[in-house]
4 protein chains.
Amino acid sequence: MKSEIVKQSILLFEKKGFSTTSIQDIVDELDVTKGTFYYYYSSKEQLLMDIHEEYITKLLEAQYEIINRSYTSYKDQLIEIIRLIITDIVENGSSARVFFREMRHLSEKHIKIIKEKRKQFRLNIESIVEEGIKHGEIRDDLRPDMISFGIVGITNWSYNWYKTEGEVTPEQLVSIYSKMILTGIEK
Amino acid sequence: MKSEIVKQSILLFEKKGFSTTSIQDIVDELDVTKGTFYYYYSSKEQLLMDIHEEYITKLLEAQYEIINRSYTSYKDQLIEIIRLIITDIVENGSSARVFFREMRHLSEKHIKIIKEKRKQFRLNIESIVEEGIKHGEIRDDLRPDMISFGIVGITNWSYNWYKTEGEVTPEQLVSIYSKMILTGIEK
Amino acid sequence: MKSEIVKQSILLFEKKGFSTTSIQDIVDELDVTKGTFYYYYSSKEQLLMDIHEEYITKLLEAQYEIINRSYTSYKDQLIEIIRLIITDIVENGSSARVFFREMRHLSEKHIKIIKEKRKQFRLNIESIVEEGIKHGEIRDDLRPDMISFGIVGITNWSYNWYKTEGEVTPEQLVSIYSKMILTGIEK
Amino acid sequence: MKSEIVKQSILLFEKKGFSTTSIQDIVDELDVTKGTFYYYYSSKEQLLMDIHEEYITKLLEAQYEIINRSYTSYKDQLIEIIRLIITDIVENGSSARVFFREMRHLSEKHIKIIKEKRKQFRLNIESIVEEGIKHGEIRDDLRPDMISFGIVGITNWSYNWYKTEGEVTPEQLVSIYSKMILTGIEK
DNA sequence: CATGAATGAGCGTTCATTCAT
DNA sequence: TATGAATGAACGCTCATTCAT
């Protein structure tokens with residue numbers, strides 16, 4: 001039941017937004033009563049936190065898994081991370097959209113926790129960029145922090161528009177974005 | 001009065017989110033009563049629509065102004081548009097954040113109107129990219145639509161993190177992002 | 001309207017108790033809606049506080065009025081205060097019962113304020129007793145504080161049982177209690 | 001288990017009040033589940049009734065025990081009853097406070113039963129007073145019923161303020177109150 | 001133009017109670 | 001004996017909106 005609540009909530013939060021979705025909406029969809037919801041979650045905000053925490057934790061784990069593999073180049077490592085973000089958004093679009101849009105509705109305390117982890121995710125990219133610069137793979141005139149913001153921006157933004165039914169496969173998008181970022185669009 | 005309502009609303013919507021901000025919150029800040037609000041706006045949603053419409057209209061106008069100038073290259077034109085987005089987010093951060101985050105709370109009908117204009121903004125970029133490809137300025141293996149998504153993604157994302165008090169000036173950010181997009185980060 | 005809310009609330013709080021009386025109960029009785037209640041009171045607790053504050057303030061004022069009059073003896077002054085308590089309970093029975101029974105439902109902060117005033121009321125009695133002892137009117141072997149507790153106990157308790165329709169008039173009760181306390185029941 | 005439920009409930013009812021204490025609060029304290037509670041008690045109200053019944057029954061029994069002893073005077077008998085009330089409040093403060101404050105939350109039917117027993121307790125005092133009057137020990141100008149109300153008032157009220165850690169021992173309080181009532185405070 | 005009183009629908013949450021196991 | 005999942009009714013409270021003045 002708990003996992004069903006999470007599943008339905010994500011769909012509803014994605015469609016209507018967190019604050020516009022009522023507990024009633026959620027339990028109606030599951031044909032249970034509000035009491036049941038509160039048997040599993042102490043508050044609506046706690047549910048949102050659970051969703052956020054699971055999302056970012058899994059993503060961070062996957063990122064560390066990538067980081068700890070061995071690579072022939074830092075550029076390849078960056079491509080792998082671009083792939084991680086894109087495939088995650090494609091595969092868990094609803095969760096991703098909830099994650100990106102509804103963080104504001106967490107409590108101060110919870111926001112802090114999530115922000116820290118999100119920051120860590122970006123800092124890990126920044127570190128790879130720094131290594132790439134140090135090893136002469138990446139140009140040194142562009143600030144690693146801004147590059148990392150650029151990478152998460154370009155990839156994360158796709159949660160706003162990417163459609164599974166579209167013409168471009170995830171792998172193609174990974175390829176295009178990787179080329180854009182690494183070699184630019186200039187001829 | 002009407003413009004003061006808009007001004008305060010934007011600040012509050014940015015800080016607390018649209019659905020968490022009450023009409024009471026808005027009028028309290030202006031030291032008027034709710035009646036006054038409803039004299040100027042027929043509903044809370046209408047106010048949000050006004051904010052959205054003004055924002056995207058101004059942005060589109062600025063974009064057309066850029067497009068209609070003459071350029072030595074399409075790349076320069078793209079840089080100009082990157083500059084437009086960045087400076088707008090820096091200068092009108094609150095409006096930008098409300099625009100990006102709260103669109104969902106518009107009515108179906110209004111959403112359609114705004115989405116169309118947002119799409120037009122991106123399509124205008126796509127057109128420039130297409131021209132750039134046609135004239136051999138931009139590589140032809142990356143799909144103009146995806147490139148345009150990439151450009152708006154990388155730039156728009158900055159509303160999530162850019163801080164005026166930070167180390168990087170808007171112009172530096174324009175420069176970095178322009179280089180990233182046009183020539184890539186590879187050494 | 002505000003005063004009607006107070007009036008009805010006191011009756012309901014007396015009859016059903018504070019926590020068993022719902023806002024709905026109150027507004028139903030007045031044929032208005034819950035919104036109306038919250039237009040006048042920010043919370044149920046705030047209403048209870050208003051009731052408490054008005055009650056104890058008026059009582060204290062009446063007590064000071066008595067204290068500041070001139071008397072032929074301290075005993076007469078004590079009788080006057082016994083009269084004050086008894087007549088107050090008889091005349092404002094509902095308020096008195098709410099005051100004595102529901103204080104616990106105030107917030108910590110509010111409880112402190114009310115407790116202080118209640119204590120002051122008793123201390124004022126203690127002071128009279130002390131003066132009475134000092135001037136040889138009252139025996140000195142019984143502790144003024146305990147005497148004051150005795151006086152408020154014997155009189156306040158009547159909120160638990162006194163009925164206007166009973167055989168004993170308030171004035172008779174004042175007389176009986178004054179005699180009991182001042183001269184004892186021993187023959 | 002049943003007695004542990006009673007014990008904990010009394011403490012919680014005293015601290016938070018009956019209607020503010022939830023079954024969950026009670027069972028949490030005992031590290032069992034709500035099912036357990038309902039195995040022993042059919043309802044929350046039934047538990048309250050049990051507490052009330054046990055309290056007043058024991059008190060009445062103790063009172064009869066006093067009444068059935070032989071005394072040299074009716075005044076001594078009254079003192080013994082004052083002692084009973086005071087020591088009971090001191091020793092079973094929590095139960096006493098619950099008894100005095102929460103009766104209102106019993107059902108109509110149960111209230112009637114308890115009220116009857118409480119009345120009996122007072123009537124027994126009234127009878128002693130009457131006998132005292134008849135035998136010339138107690139003055140006959142003060143109504144035995146009012147005197148009995150005075151006695152229970154002055155003594156019962158101590159549940160509102162008496163603190164075990166205070167300066168006055170129970171026995172001292174008994175002495176003071178006995179003197180106040182029997183011989184008055186006049187010099 | 002603006003106010004202030006009032007509405008009514010809905011929300012998040014609590015909780016006594018039930019019941020199959 | 002005891003649990004744990006679920007119910008359903010109610011509660012305190014919020015808020016966009018209306019409207020007579």
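The sequence lines fix the lettering, A, B, ..., with proteins before strands; numbering per chain opens at 1.
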What is the distance, rounded to the nearest whole Å, between atom [atom1] of [X] and atom [atom2] of [N]?
X     : N      : atom1 : atom2 : value
C:I26 : F:dA10 : CD1   : C1'   : 15 Å
D:F13 : E:dA16 : CZ    : P     : 9 Å
A:E45 : E:dC11 : CD    : C1'   : 16 Å
D:I5  : F:dA2  : CD1   : P     : 9 Å
C:K34 : E:dA6  : NZ    : C1'   : 15 Å
C:Y40 : F:dT14 : OH    : C1'   : 18 Å
D:K2  : F:dT1  : NZ    : C1'   : 14 Å
D:Y39 : E:dT17 : OH    : P     : 19 Å

OP1 or OP2 of E:dT14 less than 4.0 angstrom from a side-chain nitrogen or oxygen of A:Y38, does that happen here?
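No, A:Y38 has no side-chain N/O under 4.0 Å of OP1/OP2 on E:dT14.
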Run the side-chain hydrogen bond (donor to acceptor under 3.5 Å, both in side chains) check on A:N92 and A:Y55 step by step: do they pass?
CA-CA 9 Å; A:N92 312 306; A:Y55 183 84; 6.0 Å; no
With nearest nucleotides of DNA chain F determined for B:G35 and B:I23 from heavy-atom distances, which residue corresponds to the more 5′ nucleotide?
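First, find each residue's nearest nucleotide; the 5'-ward one identifies B:I23.
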Relative to the 5' end of DNA chain F, which residue comes earlier, D:T36 or B:F37, by the nucleotide with the nearest heavy atom?
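The 5'-side residue here is D:T36.
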Check for me whether the distance between the ring centres of A:F100 and A:W157 falls short of 6.0 Å.
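No, ring centres 6.0 Å or more apart.
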When you compare the side chain of C:I113 with that of C:E53, does any pair of heavy atoms fall below 4.5 Å?
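Counting from C-beta outward, C:E53 and C:I113 do come under 4.5 Å.
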Closest-nucleotide ordering on DNA chain E, the 5'-leading residue of A:T20 and C:D31:
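Residue closer to the 5' terminus by nearest nucleotide: C:D31.
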Given that C:V32 and A:Q24 both sit by DNA chain E, which one's nearest nucleotide is further toward the 5' end?
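Nearest-nucleotide comparison on DNA chain E picks C:V32.
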Convert the base pairs of DNA chain E into dot-bracket notation, remembering that pairs crossing earlier ones are written with [ ] and that bases paired across to another strand are shown as |; include only Watson-Crick or G-U pairs under 3.5 Å.
.||||||||||||||||||||
I'd like to know if B:R104 pairs up with B:E45 as an ion pair, taking the criterion as any Lys NZ or Arg NE/NH1/NH2 lying under 4.0 Å from an Asp or Glu carboxylate oxygen.
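B:E45 and B:R104: not salt-bridged.
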Once you apply a heavy-atom cut-off of 4.0 Å, does C:T33 come out as touching a base, just sugar-phosphate, or nothing?
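Base contact - C:T33 has a heavy atom under 4.0 Å of at least one base atom.
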Would you classify A:T21 as touching base, sugar-phosphate or nothing, given that sugar-phosphate means primed atoms plus P, OP1 and OP2, and contacts are heavy atoms under 4.0 Å?
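Touches sugar-phosphate only.
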Base E:dT17 to side chain D:K44, donor-acceptor N/O within 3.5 Å cut-off
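Check fails, no donor-acceptor contact within cut-off.
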A:K58 and A:E54: salt bridge (Lys or Arg N to Asp or Glu O under 4.0 Å), yes or no, with the steps?
CA-CA 6 Å; A:K58 276 194 182 167; A:E54 196 190 328; 3.2 Å; yes
For the residue pair A:I26 and A:T21, what are the closest heavy atoms and their distance?
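Minimum heavy-atom separation between A:I26 and A:T21: CG1-CG2, 4.0 Å.
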If you draw the axis of the six-membered ring of D:Y41, does the NZ or CZ of D:K2 fall within 45° of it and under 6.0 Å from the ring centre?
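Because its charged atom sits under 6.0 Å from the ring centre and within 45° of the axis, D:K2 does stack over D:Y41.
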